[in-house]
Amino acid sequence: MSNLSTSQIFELRQQVLNKEFCKMNDRQREAVLHVNGPLLILAGAGSGKTTVLVNRIANIIKYGNAFSSQTVPGDLSDEEQNSIKEYLDHDIPLPQQLVDRLSVGACRPWQILAITFTNKAAGELKNRLVNMLGEDGNDIWASTFHSTCARMLRRDGDRLGYSSHFTIYDTDDSRRMMKECQKALGIDDKLLSCKSILSAISHAKDNMVLPEEFMKQAGNDNRLVLIAKAYKLYQARLREADAMDFDDLICNAVLLLQNNPDVLDYYQNKFRYIMVDEYQDTNHAQYLFVKLLAQKSGNLCVVGDDDQSIYKFRGATIENILSFESTFPNTKVIRLEQNYRSTKNILNAANAVIENNFQRKGKTLWTNNKTGEKISVHTAYSEQDEADFLARTILSGVADGRKYSDFAILYRMNSQSNILEKIFVKSGIPYRIIGGQRFYERKEIRDMIAYLSVINNPNDEIRLRRIINQPKRSIGDKTVAQATEIAAARGESLFDVIRHADQYEPLKRSAPKLLQFASIIQELIDALNDENTSLNELYRLILDKTDYIASLYTSENGDVQDRIDNINELASNLIKYEEENGEEASLEGFLEEVSLITDIDNFDESSDSVVMMTVHSAKGLEFPVVFLPGFEDGIFPGMQAIYNPVEIEEERRLAYVAITRAKEELFLVNAESRMIFGSTSRNKPSRFIEEIPEELLNRTRTREWKKPQPGTRLPTSAFEARAITTEAARNFGPSGFFHSAPPAVQFKAGDCVFHKTFGKGMVLSATPMGNDTLLEIAFDKVGTKKLMANFARLQREQP
DNA sequence: CTTAAGAAGGTTTTT
DNA sequence: CCTTCTTAAG
C-alpha cells in the first residue's frame, strides 16, 4: 500500500464515520455528525431522537468534530490503512489508538451536559449511554434541569446565602409556607388565595422577576402590590429555612451564574458540549440558564418538537424553539420526520389534526410502517358505559393474545381515572395508575420525609411544624404559635426554642411535651451523625421512637395496611438508594433525589398491567394500543379552552401527543352524557375528531347497554385487585427488611422482651390488628410505649 | 387539645 | 364529586 493523499485520508475518515453510524437514516446521521456550533433538531414524535442524542454523544466522545473538520491526520501507515479496510469491509472494530488518531478535539464524558425534563428520560439516556460507551457513560452529566441546578447550588449556593444542605420544597411545602406569610401579612385567603399568589410568583420566577422588580411592576395595582409583599416575605422565609422551591432551583442557578463570573467561567469551560431535550418545554429562566452555559463554546444542541409543546401553563414558551435560529446565529436545522413508531393511519390522523395549528414550524411525519387498522371512534351512552367498553375491548384483546401491558389509557384529567378503576377492579383487569395521588404526596410519606428533613436540617420550620404533632403529642397550634413568636423575637430557630422550652415562661405548661419531642429529634440527629448508623437503621429508629405505625391504627380511618405498605416502600427506596450509592450515600442525597422525583419516573414497563395516566405524563412513552376516553368538547379540549384560540392550539398539540403515543391501534372514545363535578352534562364528540379524514375512521357506538359484563374473567375479589395495585409496595426484593423478616414471634401480656433501642420491658397488652399485633410495653428506661410486633424486632427475654 | 361533624370551595395539565 | 377548612362539643 502506498502513501495516501490528504484528500484520500479525508475521504477514508468520512467513510469510517458514516460506517460507524450506518444504522441511522440520513437525517439522523447528519445530526449525529454535526458537532460544533448551534444545532436545532426538530424531532417529530417517534422519530428516534433519543437514539440520535445517544449516538451524537458517542460521536463527540470518540471522534469529536472529525466529520466537519478540515484538519486531517498525518500519514496513515499500511497497518492503519488495513485496519480501516477491515473495519469498513468486515466490521472488525478499529483499535482505540486509531480512533484517537482519526478524532479531532474529542472530549471527555464529564465535559458533556445533557439536560432532560424528567428523571425517567435522564435515566433512559444514561442507560443507553452506558450500554454504548461502557463505564464512561456514567461520567456524563445527564440529568434534569432541576437536578442539574440543584447540583450547582449545592456546590456554590453559599454565594447566594444558602448552605449546601438546603432543603427543596415541593408544592405542598410552598403552600404551607405561603399560608403562614398570608397570615403574617393579614391577607385573607378568600380575597387572594395562596394558590393564585404562588402561581403569580412562579410565573415571576420563570421570567427571572425578583421581588423588588415585581413590586416596581406592580405600580398601583392593589392586588399585585399584595402579591409583591407576599413574594418578598415568602422569599425571606425560605431563606431563613434554608429552603428553595422548584422554581428557585432554576432561578437561583441563573443568578449564581449571572453574578459570579468565576462560577460561570468554571462551568463554561467545563461543559464543552451541551444538549437539551424537549426544548419546546423550556421557560425563560431555563433558556437563560442554557444560554449562559453555552455562550462560550457555542456548542449547543437542542432537540424538540414545537408540535409537542404542552407545558405553557407551567411557563414554557414555545418562542424558545420558534426563535432559536435567530437567537443563535448560524444554527444548523435538521428535521427528523420519519416516524418509526406508528401505523400510517395513526400518523396521518395525527398530521391531519396538527395541521390546523398556525403557530408552528411545520413538518409532516411519514412512515414506512404498514397502514394498520382504522382508528376506532366509539360513542358510549355514559361514562359507565365508556369504562365498560374499554374493559370489554381490553379483555377481548387479551383473549386474542395481547398482553395487558400492551394497553394504555390516556385521559385529559386525573379525575377520569376513578370510574375506570372501579370497572377494572370488577373485571379483574390488572392496572396501574401513574400520577394522580402521587407516592410522595401521600400523608404518611410526607410525614416520614418531613422527619428525615428535619433531622437533616432542623431549621426547616415548615416541616418541623408538620411533624411536631404527628403523631399526636398534645402539642397544639397555640403552643407552636407561641414558640414561633419567641423564636422570632429572639432571632433563634424554632427548634432551638423548643429544645429549651423550659426556659420560657409562656411555654411552661407544654414544656415537657416539647422537650420530649426535641429529645427524640436530637437522638435522631445523633444517630445520623454516628457513622455506624445506616440510613435504613435511622429510618427504623424514626418509626420506633415516634410510634408512628401504632398511631396509624388509632388515628387513621382509611386503609392502614396501605399506609404501612407505603411506609415500607419508602424504606425500600431508601435501601435501594444506599445500595446504589454505596459510600456516597447520604441523607441529604436521598432527600434531594426524593424531592425531585415524580411518579412517571417509577413507571416500570415490566409488569403486565394496563397503564393509566394523563396525556401529559405520557409524553415520551409509546404503547401498542391507546385509548383516549373523554374525547369530547368540554373535556378534550377542556372547557376553558373552547373560546380561546391560543388555548385550543395547546389542546390540539396535546391531542397530537396523545394520538402519536399509539403504535398499532387507537381508540377515541366519547360518552353522550357524563357526570362531571357532581352534575350530568352532555358533551359533543371532540372537535378534533372532525379534523381527521373520515376514511381513516371506523365509527361505532354501544348498541344495547348491558350493565356489568358477565365476561371472560368475572369479578375477582377486591383483594386480588389490590394485590395488583400495591404489588410494587409489597415486592421490595431481597433488601426489604420488613417483609423478609421471619414471621413475628407471638407475644402476650406478661412477656418480658428486649428492644434494640428501648432496652428491657414487659408486655402489658397485645391487641391483634390486621396481620399484626399492637403491643403495649412498659420499658424499664423509657416508660410505656405502643409498638407493632412485626416492626419492633423484639427479642424474648427470660424474666 | 382532640375529635367529629358540617360547610364551603374548587376542580387541567406538573418539574 | 372530592378535599379542605371551620366550628362546636368533649
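In what follows, every chain begins at residue 1, and chains take the letters A, B, ... in the order their sequences are listed. All values below come from the heavy atoms of this structure, side chains included, with hydrogens, waters and symmetry mates left out.
Note on A:Arg175: only backbone sugar-phosphate atoms sit closer than 4.0 angstrom, heavy atoms only; bases stay farther off. Residue A:Gly476 is classed as a sugar-phosphate contact, given heavy-atom separations below 4.0 Å to backbone atoms only.
Residues A:Gln640 and A:Ser510 both approach DNA chain B. Their nearest nucleotides, taken by heavy-atom distance, put A:Ser510 toward the 5′ side. Comparing A:Ser193 and A:Phe313 against DNA chain B, the residue whose closest nucleotide sits nearer the 5' end is A:Ser193.
Across the protein-nucleic acid pair, A:Leu514 atom CG and B:dC1 atom P stand 10 Å apart, rounded to whole Å.
Under the 4.0 Å criterion applied to side-chain N and carboxylate O atoms, A:Asp306 and A:Arg360 are not assigned as salt-bridge partners. Salt bridge status for A:Asp172 with A:Arg176: present, with a side-chain N to carboxylate O gap under 4.0 Å.
Close approach of DNA chain C to chain A, defined as any atom under 4.0 Å from a non-hydrogen atom of the protein, starts and stops at C:dC1 to C:dC5.
The nucleotide whose nearest atom lies closest to any side-chain atom of A:Arg412 is, among B:dT15, B:dT2, B:dT12, B:dT12. Among the nucleotides B:dT15, B:dC1, B:dT13, the one closest to any side-chain atom of A:Arg314 is B:dT15. Among the nucleotides B:dT13, B:dC1, B:dT14, the one closest to the side chain of A:Met413 is B:dT13. Checked against B:dC1, B:dT13, B:dT12, the side chain of A:Asn414 finds its nearest nucleotide in B:dT13.
You'll find the ring centres of A:Phe313 and A:Tyr311 inside the 6.0 Å limit.
Open room surrounds NZ on A:Lys291; 12 or fewer heavy atoms of other groups in view lie less than 6.0 Å from it.
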Can A:Glu461 and A:Arg465 be said to form a salt bridge (Lys or Arg N to Asp or Glu O under 4.0 Å), step by step?
-> CA-CA 6 Å; A:Glu461 206 179 300; A:Arg465 297 161 83 110; 3.0 Å; yes
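OP1 and OP2 of B:dT13 both lie 4.0 Å or more from every side-chain N or O belonging to A:Ser617. When the side-chain nitrogen and oxygen atoms of A:Ser415 are compared with OP1 and OP2 of B:dT12, none of them lie within a distance under 4.0 Å.
Here, B:dT13 and C:dT4 have their P atoms 14 Å apart, quoted to the whole Å.
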